[in-house]
Amino acid sequence: QVQLVESGGGLVQAGGSLRLSCAASGRTLSTYAMAWFRQAPGKEREFVAAIGRTDGSTYYADSVKGRFTISRDNARNTVFLQMNSLKPDDTAVYYCADRSRTGIFPKTSAYDYWGQGTQVTVSS
């Protein structure tokens with residue numbers, strides 16, 4: 001089992017920045033990749049970014065490329081999402097996810113564990 005706890009969400013004006021954190025505990029050595037997803041009201045949960053635990057390879061949704069950066073600190077079992085140039089369309093609940101199998105995929109079904117989410121609201 002892996003437990004994930006997100007933090008760092010909040011209210012920010014358009015053009016501003018936020019940094020989300022996801023602290024993992026439990027069987028973290030079995031983690032192959034971690035990812036961020038988001039879900040806006042009335043919409044499906046969508047992929048934002050992912051990072052490999054060992055090689056640090058990163059993947060981004062087209063909608064956030066150049067604005068968001070995913071990173072990790074394996075010593076602290078923590079993954080970060082630096083979000084810059086935020087837009088109102090980025091408003092959503094952001095979820096951290098953990099995958100223990102090989103491969104990195106931009107879909108919810110590929111991940112085994114989820115955090116409770118943190119709200120990000122971007123005002124115009």
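Computation of the quantities below employed the complete heavy-atom set of this structure, encompassing side-chain atoms and omitting hydrogens, waters and symmetry-equivalent molecules. Just so we're clear, the structure is a prediction, and the values are computed from it rather than from any experiment.
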> Considering all heavy atoms of both residues, which atom of Leu4 and which atom of Gln116 are nearest to each other, and what is their separation?
Replying inline: O-OE1, 3.7 Å
> Heavy-atom distance under 4.5 Å between the side chains of Val2 and Asp112, does that happen here?
Replying inline: no
> Say you draw a straight line from OG1 of Thr58 to CZ of Arg72; how long is it, rounded to the nearest 0.5 Å?
Replying inline: 10.0 Å
> Which atom pair, heavy atoms only, marks the closest approach of Trp114 to Thr108?
Replying inline: CZ2-O, 3.5 Å
>> Given 3.5 Å as the limit, does a donor-acceptor pair link the side chain of Thr118 with the main chain of Gly9, or not?
In response: yes
>> Looking only at side-chain N and O atoms, does Thr78 offer a donor or acceptor that is under 3.5 Å from a partner on Asp73?
In response: no
> What closest approach, in Å, do Val48 and Val64 show between heavy atoms, and which atom pair accounts for it?
Replying inline: O-CG2, 3.5 Å
> Within a strict 4.5 Å, meaning less than it, do heavy atoms of the Ile51 and Arg53 side chains meet?
Replying inline: no
> Does Arg99 reach the main-chain N or O of Thr102 with its side chain, forming a donor-acceptor pair under 3.5 Å?
Replying inline: yes
> If you round to the nearest 0.5 Å, how far is CZ of Arg67 from CG of Asp90?
Replying inline: 4.0 Å
> To the nearest 0.5 Å, what is the distance between CG (Asp55) and OH (Tyr32)?
Replying inline: 6.0 Å
> When rounded to the nearest 0.5 angstrom, what distance separates CG in Leu20 from OG in Ser7?
Replying inline: 8.0 Å
> Considering all heavy atoms of both residues, which atom of Ala14 and which atom of Ser124 are nearest to each other, and what is their separation?
Replying inline: CB-CA, 4.4 Å
> So do the side chains of Val79 and Ile70 get within less than 4.5 Å of each other, counting heavy atoms only?
Replying inline: yes
>> Are more than 12 heavy atoms, taken from residues, nucleotides or ligands other than Arg101, located less than 6.0 Å from that residue's CZ atom?
In response: yes
> Among all residues two or more places apart in sequence or in another chain, which pass the ring pair (Phe, Tyr, Trp, His ring centres under 6.0 Å) test with Phe80?
Replying inline: none
>> Here's a test for you: under side-chain hydrogen bond (donor to acceptor under 3.5 Å, both in side chains), which of Lys107, Arg38, Gln39 qualifies with Glu46?
In response: Arg38
>> Tell me the closest heavy-atom pair linking Ala49 and Leu81, and the distance in Å.
In response: CB-CD1, 4.3 Å
>> With a 4.5 Å cut-off on side-chain heavy atoms, are Tyr94 and Leu18 touching?
In response: no
>> Do Cys96 and Phe37 have side chains that approach each other closer than 4.5 Å (heavy atoms only, starting at C-beta)?
In response: no
> About how many Å separate OG of Ser63 and CZ of Phe68, when rounded to the nearest 0.5 Å?
Replying inline: 7.5 Å
>> With side chain to side chain contact (heavy atoms under 4.5 Å, CB included) as the criterion, how do Ser71 and Gln82 come out once you've worked through the C-alpha distance, each side chain's angles and the decisive distance to 0.1 Å?
In response: CA-CA 8 Å; Ser71 61; Gln82 178 66 44; over 6 Å; no
> Considering all heavy atoms of both residues, which atom of Phe105 and which atom of Ala110 are nearest to each other, and what is their separation?
Replying inline: CB-CB, 3.8 Å
> Once you round to the nearest 0.5 Å, how far does OH of Tyr59 lie from CZ of Phe47?
Replying inline: 9.5 Å
> Do the non-hydrogen side-chain atoms of Glu6 and Tyr95 ever get within less than 4.5 Å of each other?
Replying inline: yes
>> Could you go through Gln3 and Val5, starting from their C-alpha distance and side-chain angles, then the distance that decides it, and tell me whether this counts as side chain to side chain contact (heavy atoms under 4.5 Å, CB included)?
In response: CA-CA 7 Å; Gln3 294 78 41; Val5 179; 5.6 Å; no
